[in-house]
2 protein chains.
Amino acid sequence: MTPAPGSPGDVLTLISAGSATTRSDLARLTGLARSTISQRVDALIESGLVQETESGESTGGRPPRQLRLHTDGHAFAGVDVGATHCRVALMDISGEVLAECEDPLLVTEGPETVLAHVDTRLDLLLAEAGRPRSALRALGMGVPGPVEFATGRPNNPPIMPGWNDYPIPEHFEDCVVLVDNDVNVMALGEHRNAFPGTSHLLFVKVGTGIGCGIVAEGRLHRGAQGSAGDIGHIRVSGHDDAGCRCGNSACLEAVAGGAALARRLTELGVPAATGADVVALVQAGDTLALRLVREAGRHIGEVLAGLVNFFNPEVIVIGGVLSRVHEHLLAGIRETIYRRSLPLATHHLSIVPSRTGEDAAALGAGLLAIEHYLSPDNINKLVNA
Amino acid sequence: MTPAPGSPGDVLTLISAGSATTRSDLARLTGLARSTISQRVDALIESGLVQETESGESTGGRPPRQLRLHTDGHAFAGVDVGATHCRVALMDISGEVLAECEDPLLVTEGPETVLAHVDTRLDLLLAEAGRPRSALRALGMGVPGPVEFATGRPNNPPIMPGWNDYPIPEHFEDCVVLVDNDVNVMALGEHRNAFPGTSHLLFVKVGTGIGCGIVAEGRLHRGAQGSAGDIGHIRVSGHDDAGCRCGNSACLEAVAGGAALARRLTELGVPAATGADVVALVQAGDTLALRLVREAGRHIGEVLAGLVNFFNPEVIVIGGVLSRVHEHLLAGIRETIYRRSLPLATHHLSIVPSRTGEDAAALGAGLLAIEHYLSPDNINKLVNA
DNA sequence: TATCTTCCGCCGATCATCGAACAAAGAGGG
DNA sequence: CCCTCTTTGTTCGATGATCGGCGGAAGATA
């Protein structure tokens with residue numbers, strides 16, 4: 001129902017969002033009677049979803065008992081499957097990280113190998129956190145390629161041989177599994193962690209390739225085929241000679257991606273193989289590398305300028321390996337966006353480096369799982385059962 | 001509340017969407033008891049929102065009484081304020097047009113003049129439809145510039161002198177007024193009218209300038225400052241000599257907009273002043289005009305190819321004056337999009353000319369008003385009162 | 001210590017919803 | 001033509017959820 005939001009799920013949403021920490025808050029926000037709220041809260045405590053902590057500050061009368069998510073007894077996992085690494089984070093229901101690990105692992109080893117690895121790490125982390133496997137409620141996973149979100153199957157991922165159409169969720173039988181593109185979960189992680197108040201955010205990952213996660217109205221926009229945000233193959237002007245692996249030329253990725261920068265540096269006599277090498281050179285003070293990074297920033301900025309006009313975000317977050325030298329990358333990006341976008345769209349626009357860093361992906365994947373579990377529909381089912 | 005959707009507003013939503021036409025349908029869809037549904041329907045009939053029409057087809061038992069929106073007693077207005085015209089449509093609550101008119105009118109005359117004109121037209125149309133002014137429940141308006149949707153005030157519109165920050169809703173005291181950008185309401189009109197099933201749609205208006213309305217998850221995306229969709233100033237490659245009124249160069253609008261095409265034709269010895277002139281020349285068989293339009297299509301396609309990668313829509317609709325020669329414009333657009341966008345994104349993508357035509361804007365503006373009035377929140381308020 | 005304020009649980013009153021029973025209206029069959 | 005079956009719609013008592021007042025709890029203030 002639309003009016004008088006007051007189901008157990010809605011009540012929990014208010015608690016988990018931090019909008020309400022006491023029964024009085026809940027009564028005021030929902031419009032329900034205090035007695036009704038008490039009943040709801042009792043049910044949520046009964047289900048092990050909420051706990052009471054000792055009194056809070058008094059405002060002149062009896063101090064209210066604080067309510068918060070019950071962080072024991074449940075566990076959620078966020079998995080970041082990268083091209084060459086695998087990171088697993090174990091989180092409690094509030095989004096706090098309980099334990100975390102990262103290992104080098106090639107996604108090209110195929111789904112069975114990678115998912116088996118995730119499984120063993122999961123057991124280790126659960127042991128470390130002192131929770132049984134049965135406490136695991138949901139698992140979110142980000143993978144480096146397009147995914148059909150509804151089914152959790154990769155959709156012709158270019159750099160994940162053997163994964164096409166593989167039903168990832170079926171590998172984990174006893175818990176809900178949500179799979180999404182890695183950039184999407186990074187965007188989610190960054191949004192929830194650093195910019196919870198904003199409605200429209202773009203997260204741009206500048207690594208070997210270039211991708212973008214889109215948060216619209218606070219929710220991920222995946223598009224019709226789940227391929228939204230694939231900005232690496234948008235054309236930039238003046239580089240028709242730059243051939244791309246996709247078969248076209250002048251793609252953003254072929255001009256400003258980490259791999260492209262490394263290749264260009266190598267051609268110019270400074271050996272570099274990956275985006276990380278480029279970053280290292282910049283940090284070492286190599287002026288050529290620095291110039292290339294700034295130029296890359298301008299090219300990225302050209303594409304983003306168009307997207308700012310189109311999408312009108314409040315925040316653009318720059319992440320990925322190349323953002324380690326963000327002071328140089330951002331200079332070019334900002335310069336170009338402010339020159340090429342409309343004043344109305346840029347006036348309140350922030351362009352910032354990622355604040356969440358390395359584990360934005362694992363964190364975002366975990367949050368995907370947690371938010372699914374905490375959705376009012378799901379909670380109402382749990383409480384009634 | 002989230003579970004068991006069954007407030008009067010939700011019931012009406014099902015009726016107005018055509019998902020349910022009988023009480024039984026409603027009981028089945030909402031999960032509520034038949035008696036409860038009857039009670040809800042009675043309340044809606046009482047409020048004048050729903051009417052019963054005589055029996056439907058029997059399926060072996062008593063034939064159900066059909067329910068539909070009560071189309072008498074209410075009226076809604078959709079106003080399309082263009083640069084040089086003003087169109088007003090009077091609609092009933094089901095979205096059917098009762099009466100309509102269009103007059104030449106310069107938006108540069110300023111808000112008082114234009115809104116006074118709207119007022120007189122409104123009275124004429126109401127008289128024509130035989131409804132009193134008091135029947136007017138809500139009014140939607142599309143204007144050729146950015147608008148702060150929440151307040152209904154134009155936000156530094158470049159071609160609407162005197163309108164900046166003018167509080168349009170205050171001019172119509174006795175009814176709710178919603179103001180939006182013209183391209184947004186066109187997108188809404190086209191979506192509701194021709195593609196109600198799709199989630200993600202782009203409506204591209206190619207007229208004097210070039211703009212884009214965005215439908216995401218079935219709702220308009222307006223962006224942080226309400227300036228989303230302003231694609232006319234996205235850079236196209238290889239035209240750094242084309243200066244734009246915005247101060248930059250190589251803007252899509254300056255290369256492929258109707259005004260730019262007319263100017264270019266004139267330079268080449270074929271006099272043309274506006275986009276309409278260009279269309280006329282193409283229709284008269286002028287090969288030069290035709291070549292320019294095709295070329296414009298390719299430039300628009302280049303920008304749209306990027307947006308397809310970014311946004312991943314299901315449908316792109318081409319409207320505006322230039323779409324009158326859409327067979328030529330679309331050829332270039334399709335060619336470029338299919339060449340420059342990712343296969344995953346283009347595989348299920350339709351690129352089609354507007355099916356709604358001239359009054360997409362007035363229609364969309366009216367629908368904006370109607371959908372606001374029919375929103376569950378508003379209906380619940382009405383029924384309880 | 002007395003009083004005030006706020007918080008929280010208890011409990012009877014109230015209200016919305018349900019579901020069974022019944023009436024209505026047509027289909028189909030003998 | 002009449003009888004039975006099916007589906008629809010309404011009526012009404014039963015049920016269960018919500019409300020709001022009351023009183024106890026717990027701290028602030030004086």
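Order of the sequence lines fixes the chain letters, A, B, ..., with proteins taken first and strands second; residue numbering starts at 1 for each chain.
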Rounded interatomic separation in angstrom, taking CD from Gln66(A) and P from dT6(C) = 16 Å
Tell me which nucleotide among dG26(C), dT17(C), dT8(D) gets nearest to the side chain of Pro64(B).
-> dT8(D)
Listed pairs, N/O of protein and of nucleotides 10-16 of chain D, under 3.5 Å:
residue : atom : partner  : partner atom : Å
dT10(D) : OP2  : Ser38(B) : OG           : 2.5

Between P of dC7(C) and CG of Leu67(A), the distance in whole Å | 12 Å
Hey, does the side-chain of Arg62(B) have a donor or acceptor N/O within less than 3.5 Å of a partner on the base of dT7(D)?
-> no
Can you check whether Gln39(A) has a side-chain N or O nearer than 4.0 Å to OP1 or OP2 of dT18(D)?
-> yes
So, for His221(B) and His221(A), is the gap between ring centers shorter than 6.0 Å?
-> no
Residues Arg40(A), Asp10(A): salt bridge by 4.0 Å N-O rule | no
Partner of Asp92(A) under side chain to side chain contact (heavy atoms under 4.5 Å, CB included), chosen from Thr71(A), Ile370(A), Asp72(A) | Thr71(A)
To the nearest Å, how far apart are Glu46(A) CD and dG9(C) C1'?
-> 16 Å
Any side-chain heavy-atom pair from Arg222(A) and Asp180(A) closer than 4.5 angstrom?
-> yes
Report the residue (Ile37(A) or Pro63(A)) whose heavy-atom-nearest nucleotide on DNA chain D is the more 5′ of the two.
-> Ile37(A)
Return a table of donor-acceptor pairs under 3.5 angstrom between the side chains of residues 13-20 of chain A and protein atoms on other chains or two or more places apart.
residue  : atom : partner  : partner atom : Å
Thr13(A) : OG1  : Gly9(A)  : O            : 2.8
Ser16(A) : OG   : Leu12(A) : O            : 3.4
Ser16(A) : OG   : Thr13(A) : O            : 3.2

Lys/Arg N to Asp/Glu carboxylate O, Glu52(B) vs Arg23(B), below 4.0 Å | yes
Let me know the distance between CG of Asp25(A) and P of dT6(C), rounded to the nearest Å.
-> 14 Å
For residues Ser375(A) and Asp377(A), is any side-chain donor paired with an opposing acceptor at under 3.5 Å?
-> no
Would you mind reading off the distance between Arg40(B) atom CZ and dC18(C) atom C1', rounded to a whole angstrom?
-> 12 Å
Between His74(A) and His70(A), what is the ring plane arrangement, given parallel below 30°, perpendicular above 60°, and tilted in between?
-> perpendicular
Are any protein N/O atoms closer than 3.5 Å to N/O atoms in nucleotides 2-4 of chain C? If there are, list each pair with its distance.
none

How far apart are the closest heavy atoms of Gly142(B) and Val185(B), and which atoms are they?
-> CA-CG2, 4.0 Å
